[in-house]
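Just below is one structure, and these are the notes that go with it.
We count residues from 1, following the sequence as given.
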Amino acid sequence: MASGVQTPRRPRSARGIGDRLFRLQLTATGVVVLAVMAAVGLFLLLKAGQALRVAKFSFFTTAEWQPDVHHFGIAAVLTGTLLIAAVAVTLSVPLAIATALFISDVAPRKLRRTLVTMVDLMAAVPSVVYGLWGLFLLQQNVIGLSRWLSDWFGWIPLFTVDGTQPGDPLASASVYTASTFVAGIVVALMVTPIQCSVMREVFAQAPAGEREGAYALGATRWGMIRAVVLPYGKGGIIGGTMLGLGRALGETIAIYMIISPVFVIQPHILQTGSNSVSALIALHYGDASPFGMSALMAAGLALFVLTLAVNFTASTIAARSRSGAQSEA
């Protein structure tokens, strides 16, 4: 017998022709997806080359958008994009988690299918419908909340509204319309169904044995959810959140209908005036000159890279916190 540590052989199973074809199909699908993404990025880069050669690094630091005189940049629209997405995710994640937990662990079985269908139907509503709802209904009814936030939290720069005083009954309501906050609420309702669907599927797969074990140890329903379901669904929460964030970053029509476009860095989310990269492209696409079109392609390229970075970060975080890897039951 040979001396030393012997490494056990890894068991191998014979693969039939069906398994090999299936593996080949999956590999080909992955390669096609990567090729399409690379082609989109290369197309945007080639089309944006002329504008990027002129603007250079100032493309990321200039707020104005005047490409025909070679004075343009995405500092303002990129800031607006990030703020709208941040407001949307801040509002949507707690709502999505609560809805997913209610459907998977609280609602009666007969009601679950109806609730799932309603949530899925919300994801199928066109963006323009959300935009019309936000413009004609939500905006007028959220002014009071915006005014209250400005009065009580105006000392925080994010909630400051220029030209108003706390408690001033004569302050014009128009300073609170077409704001980042209103657009963020609308986008939050648009991305909540996507986030809820991902989280609900993961929460429903929490091991029944661990659920019953938590109850056997005297845990309440909330105790069981906190000790079993939430740790198990950590990857789903992260994945759903980042999926919604990617959707929020690229939303176009609803934001375009609600905001009042400005080309200055606007950090006050309650104040009228905002912008986003996608709304910028929708606003100027129809009347852009050849050089202006190249500048719009450069803005689209920046949004494309940002979305890829968000998704790559989400996949990395989710890979390190797989659902079910940790549970405290």
Side-chain angles (χ1 to χ4, degrees), residues 63 74-98 122 125 127-195 241 244-280 282-283 303 306 310:
I74 59 170
V77 294
L78 188 60
T79 301
T81 300
L82 295 175
L83 286 175
I84 292 174
V87 172
V89 171
T90 300
L91 297 176
S92 66
V93 169
L95 180 60
I97 293 176
M122 285 184 62
V125 175
S127 299
V128 66
V129 175
Y130 281 102
L132 291 171
W133 172 78
L135 180 63
F136 293 107
L137 180 62
L138 175 66
Q139 185 164 241
Q140 301 302 320
N141 290 281
V142 84
I143 290 176
L145 176 59
S146 298
R147 191 190 300 273
W148 182 84
L149 290 173
S150 176
D151 289 344
W152 288 95
F153 300 99
W155 51 274
I156 302 175
L158 200 65
F159 299 110
T160 300
V161 177
D162 295 335
T164 62
Q165 296 294 330
D168 182 8
L170 300 180
S172 174
S174 61
V175 298
Y176 300 103
T177 59
S179 64
T180 299
F181 184 59
V182 178
I185 294 176
V186 174
V187 176
L189 293 179
M190 296 176 65
V191 303
T192 294
I194 301 173
Q195 296 173 331
T241 299
L245 177 59
R247 168 72 188 278
L249 289 172
E251 179 52 43
T252 304
I253 298 301
I255 296 177
Y256 175 74
M257 296 177 65
I258 293 171
I259 63 172
S260 177
V262 293
F263 291 96
V264 295
I265 297 178
Q266 167 64 284
H268 311 311
I269 64 173
L270 302 177
Q271 184 173 315
T272 185
S274 182
N275 217 327
S276 72
V277 176
S278 55
L280 166 71
L283 178 65
L303 183 61
L306 177 62
V310 169

So, using side chain to side chain contact (heavy atoms under 4.5 Å, CB included) as the criterion, who are the partners of [X] when residues are at least two apart?
X: Ala86; result: none
X: Thr180; result: Leu83, Ile84, Val87, Ile269, Ser274
X: Asn141; result: Leu137
X: Ile143; result: Gln140, Arg147, Ala173, Tyr176, Thr177

pair [X]-[Y]: side-chain heavy atoms closer than 4.5 Å:
X: Leu303; Y: Ile74; result: no
X: Leu138; Y: Ile258; result: no
X: Met257; Y: Phe136; result: no
X: Leu82; Y: Leu249; result: yes
X: Asn275; Y: Gln266; result: no

- Write out all pairs satisfying salt bridge (Lys or Arg N to Asp or Glu O under 4.0 Å) with one or both partners inside residues 181-190, taking only residues at least two apart or from two chains.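 For residues 181-190: none.
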
If you take all heavy atoms of [X] and [Y], which pair is closest and at what distance?
X: Ala76; Y: Phe263; result: CB-C, 3.9 Å
X: Ile255; Y: Ala279; result: CG2-CB, 4.4 Å
X: Val186; Y: Tyr130; result: CG1-O, 3.7 Å
X: Gly273; Y: Val262; result: C-CG2, 3.7 Å
X: Ala88; Y: Ala188; result: O-CB, 3.4 Å
X: His268; Y: Thr160; result: CB-O, 3.0 Å

- Query: Can any side-chain N or O of Gln271 pair as donor or acceptor with the backbone N or O of Asp162 at less than 3.5 Å?
  - Reply: yes

From [X] atom [atom1] to [Y] atom [atom2], the distance as rounded to the nearest 0.5 Å:
X: Ser179; Y: Ile185; atom1: OG; atom2: CD1; result: 7.5 Å
X: Phe181; Y: Leu149; atom1: CZ; atom2: CG; result: 5.5 Å
X: Ser127; Y: Leu132; atom1: OG; atom2: CG; result: 11.0 Å

- Item | Selection residues 79-94 - residue pairs positive for side-chain hydrogen bond (donor to acceptor under 3.5 Å, both in side chains), sequence neighbours left out |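 Sorted result for residues 79-94: Ser92-Gln195.
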
- Message: Ring-plane angle category for Phe153 and Phe159, please: parallel below 30°, perpendicular beyond 60°, tilted otherwise.
- Response: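 Correct class here is tilted.
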
